[in-house]
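FYI, side chains are in, hydrogens and waters are out, and symmetry mates aren't considered; it's all heavy atoms of this structure.
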Amino acid sequence: MAAPDSPSAALQRRDLCSRGIRLVGKMRSDVVDLLDAYVERQGLDASASVAAVEGVPAAAAERWDEQTGTQRLLENLAAYRAFRALLAQMLEEQREQLGEADAALGRALAAVLLQVSAFTYHLEELLRLESRGPPSEEAAGPPPASHLSLFERKLRGLGVLRELAQWAVRSTRDLRQLAKPSPGSSSAPSPAESP
């Protein structure tokens with residue numbers, strides 16, 4: 001494998017970032033559509049206020065501009081691994097609650113879950129390229145929801161989907177930042193050339 005700062009690694013990183021941006025853009029579009037369908041089919045108010053949901057990582061980051069590329073990737077990976085578990089739990093709850101009565105919502109949830117899984121794998125590939133393998137997945141799954149009422153599970157689902165849409169925006173920003181040439185590489189502009 002090429003060194004992380006070699007021209008071929010930089011090209012590969014930009015290519016992976018570009019493909020990741022397209023993937024997360026499609027995912028965000030599908031999540032927004034799913035969010036609309038979820039609100040309608042669950043009988044929720046689209047403007048409902050949802051408190052922070054346990055197990056749902058917040059997309060907001062303090063000192064975002066000071067983070068390294070690896071830090072960005074690791075935070076994204078942790079978030080999408082959590083979303084993968086939470087969406088799987090939502091899908092199972094939806095099947096139990098509605099059965100096959102609302103197959104369209106189940107298919108939409110399954111499609112977004114598949115996209116989240118694909119993007120998680122994509123982030124792992126980027127971490128391997130950065131000469132840092134992805135951290136192992138923790139065995140802890142999503143927080144238990146059995147103690148939640150049906151309405152609380154609906155609100156939690158709304159919170160998960162809203163935060164996933166926000167993460168899609170952040171991930172796009174993170175990948176665009178990562179795709180920029182790194183200082184010290186031959187393709188990076190000198191400080192005098194930088195805007």
Side-chain angles (χ1 to χ4, degrees), residues 20-62 64 71-124 134-175:
I21 290 167
R22 286 191 302 273
L23 178 62
V24 82
K26 169 71 170 120
M27 180 179 26
R28 182 173 190 286
S29 174
D30 289 353
V31 169
V32 168
D33 291 343
L34 174 58
L35 193 51
D36 291 340
Y38 185 83
V39 166
E40 179 183 327
R41 292 202 175 103
Q42 296 292 351
L44 297 171
D45 181 356
S47 63
S49 178
V50 179
V53 180
E54 183 182 344
V56 178
E62 291 184 24
W64 178 86
Q71 287 171 322
R72 293 170 200 271
L73 288 173
L74 289 170
E75 283 188 8
N76 272 269
L77 181 60
Y80 284 96
R81 282 178 171 175
F83 282 122
R84 186 172 55 197
L86 289 162
L87 288 168
Q89 185 178 47
M90 284 175 63
L91 184 58
E92 184 60 33
E93 289 170 358
Q94 187 269 337
R95 286 180 180 151
E96 289 172 4
Q97 174 190 342
L98 300 173
E100 295 303 315
D102 199 350
L105 183 60
R107 283 191 303 273
L109 266 169
V112 168
L113 174 58
L114 186 61
Q115 291 171 332
V116 166
S117 295
F119 190 64
T120 301
Y121 176 78
H122 198 82
L123 291 167
E124 291 169 352
S136 61
E137 281 194 67
E138 296 173 8
S146 58
H147 68 280
L148 298 177
S149 71
L150 177 59
F151 183 70
E152 289 169 325
R153 283 186 288 194
K154 288 179 179 185
L155 285 180
R156 189 199 61 211
L158 179 62
V160 168
L161 294 175
R162 282 181 179 169
E163 198 60 37
L164 179 56
Q166 290 302 310
W167 264 102
V169 172
R170 174 173 170 188
S171 297
T172 300
R173 287 180 60 200
D174 287 342
L175 290 175

If you look at every heavy atom in [X] and [Y], which pair is closest and at what distance?
X	Y	value
Ala108	Leu34	CB-CD1, 3.7 Å
Phe119	Gly20	CE1-O, 3.7 Å
Ala104	Arg41	CB-NH2, 4.2 Å
Val50	Leu155	CG1-O, 3.6 Å

Student check: side-chain heavy atoms of [X] and [Y] closer than 4.5 Å:
X	Y	result
Val24	Val169	no
Val112	Leu164	yes
Leu105	Gln42	yes
Leu150	Lys154	yes
Gln89	Arg153	no
Tyr80	Met27	yes

Which residues pass the side chain to side chain donor-acceptor pair (under 3.5 Å) test with [X], sequence neighbours left out?
X	result
Ser47	Asp45
Glu40	none
Arg107	none

Roughly how far apart are Gln71 CD and Asn76 CG, rounded to 0.5 Å?
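Atom-to-atom, Gln71:CD and Asn76:CG are 12.0 Å apart.
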How far does CG of Leu109 sit from CE of Met90, to the nearest 0.5 angstrom?
5.0 Å
When you measure from the side chain of Thr172 to the backbone of Ala168, do you find a donor-acceptor pair of N or O atoms at a distance under 3.5 Å?
yes
Only pairs at least two apart or in different chains count here, so list each salt bridge (charged side-chain N to carboxylate O under 4.0 Å, His left out) that has a residue in residues 23-39.
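As it turns out, the salt bridge (charged side-chain N to carboxylate O under 4.0 Å, His left out) pairs with a partner in residues 23-39, which skip direct neighbours, are Lys26-Asp30.
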Residue list, ring-ring contact (aromatic ring centres under 6.0 Å, His included) with Tyr38, at least two apart or on another chain:
none
Could you note down all residue pairs passing side chain to side chain donor-acceptor pair (under 3.5 Å) where residues 160-170 supplies at least one of them, sequence neighbours left out?
Gln67-Arg170, Glu75-Arg170, Arg170-Asp174
With sequence neighbours left out, write down each residue that passes side chain to side chain contact (heavy atoms under 4.5 Å, CB included) with Leu113, or none if nothing qualifies.
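In terms of side chain to side chain contact (heavy atoms under 4.5 Å, CB included), with neighbours along the sequence ignored, Leu113 is linked to Arg84, Leu87, Ala88, Leu91, Ser117.
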